[in-house]
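One structure is given below, encoded as structure tokens.
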Amino acid sequence: MSSEISSRLKRVTVASESTYLTDAVNTILTDGALDLIHQNFKDADIVPARVVGDASRIRNSHSGHKHFTVGDRCVVTFEVPLTARVGSGAGDEAPYHAPVLKAMNLKETVVSSTSATYNPATAAQEAITVYMWEQELEDTKQRLTYTTGVRGTGVFKFALNQEAMYSFTGVGTYQGELSNRIELFNPTTGAVSKLKDGTTSATARTTGEEKYADKDAMVCTGMTITWNGTTFDIGELELNLNWTTSTKEIINNANNVSKVLLTRDANNRIGGSFELVDGAELTTLFSAVTADTEGQMVIELDDGTDKITITADKVQLGYPTKGDTSGLRSYSVPFFLNGDWSTLAGDNDFSMVFAAS
């Protein structure tokens, strides 16, 4: 009997690869001491892509010729809630979605039982393995799509009365299309019961946990947003990492993409824009734009228990564009993050800190 696949019901798990292209989710599924976390993404997809090649031949007829295809890559997209750290104890300093942050070349620094900090890095950080199980609607079976070696860029989004989010767009290696229909989950407990081959049993959790990344939303209300000590009245703000996804493609590989790295040219800085609804601060804004002033930008979310603080020390404002917000003059203000070149190390455009309030 066949079954229809739900377009909405799915489970997504990501895991950092300690060794590039080694299936990190499979490692967890075969070690009961490791935690298996199913992410609470708003949306997610993995789209395998194949290249179609033309194998035309000389014939004395216009009839068509058989083509060939080669596995190319997987395109991965997420909408990720920007939630707080897992907890206050040792080992819980980072958020559940930390593997995605690292896959965007954000280097993780943990202070035990206190905080986790993420900074943009030039050197490649850990890629992720991504599993997506899609649920069938007429039985208890699933279809699996997965990819390894995933890295990508992100855009952080803060809007009035909305949950803080970031979008992720990345590339991974081609690992095949949708799996056969298999009961990959235990229908009673919901735990993953089979590995990707559909026959080998997953190792039961012992000291490790299997659970959803269940954290409350960090809502964009009562936020602290300042530039150079000035608090602007802001309706929404976006911060774009502006990475370029660079792929290594070689004839030696069974599929096209063999490695994914993140790069950025000199004219494509980390940056973004915010909606300014604040006529009183226009003089400050235009003076900063014309003087090429660099100022510190601080963006802080705080739910009373945990906070997320983004600090960029060298931010330039761009020339604003006029807009209309419910009859009030508003401005779309671009901004650009620079490094602190008073030191030689670099990689200091901003820091994102997850800590207690």
Within the distance-only criterion (no hydrogens, no angle test), does the side chain of [X] pair as donor or acceptor with the backbone N or O of [Y] below 3.5 angstrom?
| X | Y | result |
| --- | --- | --- |
| Thr247 | Val260 | no |
| Asp306 | Ala84 | no |
| Asp54 | Ser56 | yes |
| Arg181 | Lys141 | no |
| Lys157 | Leu239 | no |
| His97 | Gln39 | no |
| Arg151 | Gln125 | yes |
| Arg85 | Thr114 | yes |
| Ser273 | Pro334 | no |
| Trp227 | Phe232 | no |

Transitive ILVMFWY side-chain link Leu241 to Phe41, under 4.5 Å: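 Linked within one cluster.
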Single-linkage hydrophobic cluster, 4.5 Å side-chain cutoff, Phe78 and Leu144 together: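 Different clusters.
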Polar contact flag, side-chain donor to acceptor under 3.5 angstrom, [X]-[Y]:
| X | Y | value |
| --- | --- | --- |
| Thr13 | His38 | yes |
| Asn242 | Arg264 | no |
| Glu183 | Thr140 | yes |
| Gln316 | Glu294 | no |
| Thr148 | Thr173 | yes |
| Gln175 | Thr147 | no |
| Asp340 | Ser342 | yes |

Just verifying a value: how many Å separate [X] [atom1] and [Y] [atom2], rounded to the nearest 0.5 Å?
| X | Y | atom1 | atom2 | value |
| --- | --- | --- | --- | --- |
| Ile58 | His65 | CD1 | NE2 | 9.5 Å |
| Thr226 | Ile234 | OG1 | CD1 | 9.0 Å |
| Asp35 | Arg205 | CG | CZ | 8.0 Å |
| Lys259 | Ser246 | NZ | OG | 12.0 Å |
| Cys220 | Met218 | SG | CE | 9.0 Å |
| Leu317 | Phe335 | CG | CZ | 9.0 Å |

So that I can tick it off, tell me whether [Y] and [X] are bridged by a salt bridge, with the cut-off set at under 4.0 angstrom between side-chain N and carboxylate O.
| X | Y | value |
| --- | --- | --- |
| Arg143 | Glu134 | no |
| Lys196 | Asp23 | yes |
| Lys314 | Asp349 | no |
| Glu249 | Arg73 | yes |

Ser351 and Asn119: CA distance, side-chain angles, deciding distance, side chain to side chain donor-acceptor pair (under 3.5 Å) verdict: CA-CA 5 Å; Ser351 65; Asn119 298 87; 4.7 Å; no
Heavy-atom closest pair, residues Met352 and Ile310: CE-CD1, 3.6 Å
